[in-house]
Amino acid sequence: MKIATYNINGINGRLPVLLRWLAEAEPDVVCLQELKAESARFPEHALLKAGYQAIWKGEKSWNGVAILSKDAIRELRDDLPGEDESFTHSRYIEGFTFGMVIACLYLPNGNPYPGPKFAYKLRWFSRLTAHANTLMNTGLPVMLVGDYNVMPTELDTYKPEKYVNNALFRKEIRAAYADLVSQGWTDAIRKLYPDERIYTFWDYFRNAYGRDAGLRLDHFLLNPLLGGRLSSGGVDKHVRGWEKSSDHAPVWIELADADQAQ
DNA sequence: ATGACCAAAGCATTTGGA
């Protein structure tokens with residue numbers, strides 16, 4: 001089965017692009033970020049017509065996450081656990097579908113560094129890591145999918161030196177990512193392509209896509225039950241070149257059936 | 001160092017994005 005993640009950057013403005021890509025790529029499950037729409041404005045009907053059931057959590061103007069599935073999907077939670085008065089953004093939704101727990105997340109950008117937004121990003125990350133530890137120990141197949149707003153290593157940006165003091169690449173945030181992964185998660189795309197420069201985002205500015213000045217920000221973290229089923233994956237880079245495209249491209253992986261995995 | 005391009009909100013221009 002095929003699972004994808006796509007920071008759509010406005011689900012209503014880019015609905016034609018999303019539907020075109022869904023018809024072409026035929027993923028079974030899709031995690032979406034940056035809906036930029038209130039929950040009531042989620043295009044549920046158009047997606048049902050395209051064959052997808054959905055769970056979502058929007059908010060006015062910004063953020064917003066959703067999970068689409070060709071099979072029934074049950075919502076498990078619509079935020080990370082814990083208390084934080086600044087935790088009002090719609091950045092996390094977790095569902096159960098195809099026998100797996102799928103967490104769809106949109107980590108804060110965190111710029112400018114240093115500052116309160118970067119501190120918020122670190123706080124958000126530490127709560128994700130705490131909850132990830134809980135999920136890791138459930139005994140269920142789990143994946144943490146979405147826009148992490150983190151380039152994990154120097155291989156994940158076209159120009160590492162330019163990003164040393166950027167919130168997407170600061171050493172604290174790379175350390176937080178490495179700390180999360182060390183719980184036993186597999187970074188699926190990096191596992192499949194250990195040495196390649198693979199990007200999932202190209203800025204609208206400065207012809208970044210044309211110059212391939214990209215960043216790898218969208219990740220699949222698989223727990224060991226799913227890591228053994230990973231069979232392929234990639235970035236639908238051409239979609240970034242479409243008219244009215246998001247600044248991110250869809251990323252996808254394929255898993256072998258549970259009974260075929262070893 | 002700056003600005004370049006987008007969407008949303010709301011109807012001009014600001015804000016956030018990464």
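What you see is a predicted model; the values in this text were computed from it and never measured. Order of the sequence lines fixes the chain letters, A, B, ..., with proteins taken first and strands second; residue numbering starts at 1 for each chain.
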Please give, in whole Å, the distance from [N] [atom2] to [X] [atom1]?
{"X": "A/Tyr204", "N": "B/dA7", "atom1": "OH", "atom2": "P", "value": "6 Å"}
{"X": "A/Ile8", "N": "B/dG17", "atom1": "CD1", "atom2": "P", "value": "18 Å"}
{"X": "A/Arg41", "N": "B/dA8", "atom1": "CZ", "atom2": "P", "value": "7 Å"}
{"X": "A/Asp203", "N": "B/dA7", "atom1": "CG", "atom2": "P", "value": "14 Å"}
{"X": "A/Arg211", "N": "B/dA4", "atom1": "CZ", "atom2": "P", "value": "15 Å"}
{"X": "A/His248", "N": "B/dC6", "atom1": "NE2", "atom2": "P", "value": "15 Å"}
{"X": "A/Glu243", "N": "B/dC6", "atom1": "CD", "atom2": "P", "value": "9 Å"}
{"X": "A/Lys121", "N": "B/dG16", "atom1": "NZ", "atom2": "P", "value": "16 Å"}

Legend entry - Short N-O contact, A/Lys237 and A/Asp212, less than 4.0 angstrom: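 Result for this pair is yes, salt bridge flagged.
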
Legend entry - Sidechain N-carboxylate O distance under 4.0 Å for A/Arg190, A/Asp156: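 A salt bridge links A/Arg190 with A/Asp156.
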
Atom [atom1], compared across [N] and [M]: separation rounded to whole Å:
{"N": "B/dA1", "M": "B/dA12", "atom1": "C1'", "result": "28 Å"}
{"N": "B/dT15", "M": "B/dC11", "atom1": "P", "result": "15 Å"}
{"N": "B/dA4", "M": "B/dG10", "atom1": "C1'", "result": "25 Å"}

Inset, instruction - Ignoring backbone atoms, test whether A/Arg14 places a side-chain nitrogen or oxygen under 4.0 Å from the OP1 or OP2 oxygen of B/dA7. - result: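 Yes, A/Arg14 has a side-chain N/O under 4.0 Å of OP1/OP2 on B/dA7.
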
[X] side chain vs [Y] backbone, donor-acceptor pair below 3.5 Å:
{"X": "A/Tyr204", "Y": "A/Asp247", "answer": "yes"}
{"X": "A/Arg174", "Y": "A/Phe169", "answer": "yes"}
{"X": "A/Ser39", "Y": "A/Gly58", "answer": "yes"}

Checking all strands, does [X] fall into the base, sugar-phosphate, or nothing category for heavy-atom contacts under 4.0 angstrom?
{"X": "A/Tyr163", "value": "nothing"}
{"X": "A/Tyr106", "value": "sugar-phosphate"}
{"X": "A/Lys117", "value": "sugar-phosphate"}
{"X": "A/Asn12", "value": "nothing"}

Legend entry - Charged tip of A/Arg216 within 45° of A/Phe201 ring normal and under 6.0 Å: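 The answer is no; the distance or angle limit is not met.
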
Legend entry - A/Glu34 or A/Ala37, whichever maps to the more 5' nucleotide of DNA chain B: A/Ala37

Legend entry - Position toward the 5' end of DNA chain B (nearest nucleotide), A/Ser245 or A/Asp147: A/Ser245

Nearest to the side chain of [X] - [options]?
{"X": "A/Lys244", "options": "B/dA4, B/dG17, B/dA7", "result": "B/dA7"}
{"X": "A/Lys60", "options": "B/dG17, B/dG10, B/dG3", "result": "B/dG10"}
{"X": "A/Trp62", "options": "B/dA9, B/dG16, B/dC6", "result": "B/dG16"}

